[in-house]
Amino acid sequence: MDALRVCLYVFAGVTLGTWLVSVLTREYSWVDRIWSIVPVGYVGVFAGFAGFADARLDVMFALVFLWGARLTFNFARKGGYARGGEDYRWAVLRERMKPWQFQVFNFFFISLYQNAILLLITLPAMTALDHQGSFGVADVVVAVLFLAFLVGETVADQQQWEFHREKHAGRAPTRFLQTGLFRYSRHPNFFFEQAQWWAVAAFGVVAGGLQWTVLGAVLLTLLFVGSTRFTESISKSRYPEYADYQRRTSAVVPWPVRG
């Protein structure tokens, strides 16, 4: 059995499992709960099939492990693993859909499509497995960039965490975060999250040239485009002043403030 087949079996099991649990519990964030865990396992499978003896794959696994550990911690402290810790956007979407429409959406998009993306973003590790070689300068550059993006997302998530604690205590000066990294991007955490997986895709390019396995990073970016628009439509409906924030602040890529 090859590494990809093992991952496909895991993908099938996780997809079916998250869908069944969502139907039984009427909570629809089970994919979110495994989001930071399953990709670590996929990359571990590819590194393991190389006997953990290929430097590039080992570094990829270590970096994705760090990504997963950090994201799991951040998700847990926000109550994502607690009962009732469903993404607030699914409740909004349920109000806009008929029950049967949402169940179709739940199976094909929340469970199937999102789990497919979780597998696809890790497939540059398959490219690295198929094109094993020495760990060179280009690999070092990509690894350093990944770590920089990891630090950026850590800072953004910490700033958001501290703001919401202040807001919950009634001490926040504004109704939504507009300072720190959020002064230069409305969603800096989204930017750094995507950037890390583009770095993973870059490892695959370094190993074997441009391959179809960059598709995962492309689809992840498209997922974030749709998610960002939906999130901002909710924010704008809650906070009329959000429109001015949109006007002067870059949507995703950190950029100087517009006047």
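Since the structure is predicted, the reported quantities are computational estimates derived from the model, not experimental observations.
Separating the CD1 atom in Ile117 from the CH2 atom in Trp197 is a distance of 12.0 Å, to the nearest 0.5 Å. Taking CZ of Phe46 as the start and CG of Asp130 as the end, the distance is 8.5 Å to the nearest 0.5 Å. Going from atom OG1 of Thr154 over to atom CZ of Phe73 covers 10.0 Å, rounded to the nearest 0.5 Å. Taken from CG in Asn189 to CD in Glu153, the straight-line distance is 6.5 Å, to the nearest 0.5 Å. Summarising the geometry, atom CZ belonging to Phe182 is positioned 11.5 Å from atom OG1 belonging to Thr174; distances are rounded to the nearest 0.5 Å. For the atom pair CG of Leu220 and CG of Leu215, the computed distance is 11.0 Å after rounding to the nearest 0.5 Å.
Between the side chain of Arg33 and the main chain of Ala82, a donor-acceptor pair closer than 3.5 Å is present. A donor-acceptor pair is defined here as one N or O able to donate and one able to accept, closer than 3.5 Å; no such pair exists between the side chain of Ser227 and the backbone of Leu223. Remark: side-chain polar atoms of Ser29 are not paired, donor with acceptor, to backbone N or O of Asp32 under 3.5 angstrom. Looking at His131, its side chain does come within 3.5 Å of a backbone N or O of Thr127 through a donor-acceptor pair. Looking only at distances, a side-chain donor or acceptor of Ser185 sits under 3.5 Å from a matching main-chain atom of Val252. Side chain of Asp139 to backbone of Gly136: a donor-acceptor contact under 3.5 angstrom is found. Here the side chain of Gln114 pairs a donor or acceptor atom with the backbone of Ile110 at under 3.5 angstrom. The main-chain N or O of Ala12 is never found under 3.5 Å from a side-chain atom of Thr15 such that the two would form a donor-acceptor pair. Under the 3.5 Å distance criterion, the side-chain polar atoms of Thr18 are left unmatched by any main-chain donor or acceptor of Val31. Of the possible polar contacts, one joining the Gln132 side chain to the Leu129 backbone as a donor-acceptor pair under 3.5 Å is found.
Looking only at side-chain heavy atoms (C-beta outward), Leu118 and Ile34 come within less than 4.5 Å of each other. For the pair Thr72/Tyr81, a side-chain contact is recorded, criterion being any heavy-atom separation below 4.5 Å from C-beta on. The side-chain heavy atoms of His187 and Glu232, taken from C-beta on, include a pair separated by under 4.5 Å. Between Gln159 and Val155 there is a side-chain heavy-atom pair separated by less than 4.5 Å. A 4.5 Å side-chain heavy-atom check between Asn106 and Ser111 finds at least one atom pair inside the cut-off. Between Tyr42 and Phe11, some side-chain heavy-atom pair lies under the 4.5 Å cut-off. Leu120 is listed as a side-chain neighbour of Leu219, based on a closest heavy-atom distance under 4.5 Å. Looking only at side-chain heavy atoms (C-beta outward), Phe146 and Val142 stay at 4.5 Å or farther from each other.
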After noting the C-alpha distance and the side-chain angles of Lys167 and Glu162, does the key distance pass the salt bridge (Lys or Arg N to Asp or Glu O under 4.0 Å) rule? CA-CA 9 Å; Lys167 185 177 179 179; Glu162 291 173 357; over 6 Å; no
Would Arg96 and Phe102 satisfy side chain to side chain contact (heavy atoms under 4.5 Å, CB included), going step by step from the backbone distance to the final call? CA-CA 9 Å; Arg96 301 179 183 180; Phe102 185 79; over 6 Å; no
Assess the residue pair Val64 and Trp67 against the criterion (side chain to side chain contact (heavy atoms under 4.5 Å, CB included)); give the C-alpha distance rounded to whole Å, side-chain angles, the decisive distance to 0.1 Å, and a yes or no. CA-CA 5 Å; Val64 171; Trp67 164 86; 4.1 Å; yes
Would you sort out whether Val43 and Val200 count as a side chain to side chain contact (heavy atoms under 4.5 Å, CB included), showing the intermediate values? CA-CA 10 Å; Val43 178; Val200 171; 5.8 Å; no
Can you list the steps and then say if Ile234 with Arg89 is a side chain to side chain contact (heavy atoms under 4.5 Å, CB included)? CA-CA 8 Å; Ile234 297 173; Arg89 292 173 296 183; 3.7 Å; yes
Dump the intermediate steps for side chain to side chain donor-acceptor pair (under 3.5 Å) on Trp90 and Glu27, then the final yes or no. CA-CA 9 Å; Trp90 296 147; Glu27 287 187 20; over 6 Å; no
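Under the side-chain contact (heavy atoms from CB on, under 4.5 Å) criterion, Tyr9 pairs with Met1, Arg5, not counting sequence neighbours.
Across Met60 and Ala128, no two heavy atoms sit closer than the pair SD-CB, 4.0 Å. Nearest heavy atoms, Ile121 versus Ala217: CG2-N, 4.2 Å. Asp58 approaches Ala47 most closely through the heavy-atom pair OD1-CB, 4.3 Å. Between Gly152 and Leu181, the shortest heavy-atom distance links the atoms O-CD1, 3.7 Å. Here the shortest heavy-atom pairing between Ala143 and Val59 reads CB-CG1, 4.3 Å.
Under the 30°/60° scheme for interplanar angles, the aromatic rings of Phe109 and Phe105 are found to lie parallel. Note on ring orientation: taking the six-membered ring where Trp is involved, the planes of Phe176 and Tyr239 are tilted (angle from 30° to 60°). Taking the six-membered ring where the residue is Trp, Phe149 and Phe192 present tilted rings, their angle falling between 30° and 60°.
Under the 4.5 Å side-chain heavy-atom criterion for ILVMFWY residues, no single connected hydrophobic cluster contains both Trp35 and Phe75. A single hydrophobic cluster is not seen to contain both Val214 and Val225; linkage of ILVMFWY side chains at heavy-atom distances under 4.5 Å, directly or through other members, places them apart. One hydrophobic cluster, built from ILVMFWY side chains closer than 4.5 Å, holds both Val140 and Leu63. No continuous path of hydrophobic side-chain contacts links Val21 to Ile37 [ILVMFWY only; heavy atoms under 4.5 Å]. One hydrophobic cluster, built from ILVMFWY side chains closer than 4.5 Å, cannot hold both Leu210 and Val206; they sit in different ones.
Around atom CZ of Arg229, no more than 12 heavy atoms belonging to other residues, nucleotides or ligands sit under 6.0 Å away. Around atom CZ of Arg165, no more than 12 heavy atoms belonging to other residues, nucleotides or ligands sit under 6.0 Å away. For Arg183, the CZ atom is loosely surrounded, since the number of other residues' heavy atoms within 6.0 Å does not exceed 12. For CZ of Arg247, the number of neighbouring non-hydrogen atoms (other residues, nucleotides, ligands) closer than 6.0 Å is greater than 12. For Trp161, the CH2 atom sits in a packed shell: over 12 heavy atoms of surrounding residues, nucleotides or ligands are nearer than 6.0 Å. No more than 12 heavy atoms of other residues, nucleotides or ligands lie within 6.0 Å of OH in Tyr184, so this atom counts as exposed by the packing criterion.
Checked by atom type, the side-chain pair Arg186/Ser250 shows no donor-acceptor distance below 3.5 Å. For the residue pair Thr221 / Trp198, a side-chain donor-acceptor distance below 3.5 Å is found, with atom types taken as modelled. A side-chain N or O of Arg248 and one of Gln178 form a donor-acceptor pair less than 3.5 Å apart.
Taking 4.0 Å as the cut-off between side-chain N and carboxylate O, Glu241 and Lys236 do not count as a salt-bridged pair.
Within the structure, the ring-ring contact (aromatic ring centres under 6.0 Å, His included) test picks out the following pairs touching residues 200-238 (sequence neighbours left out): Phe190-Phe224.
In summary, of the residues considered (Phe107, Phe108, Trp30), a ring pair (Phe, Tyr, Trp, His ring centres under 6.0 Å) with Trp19 occurs for Phe107 alone.
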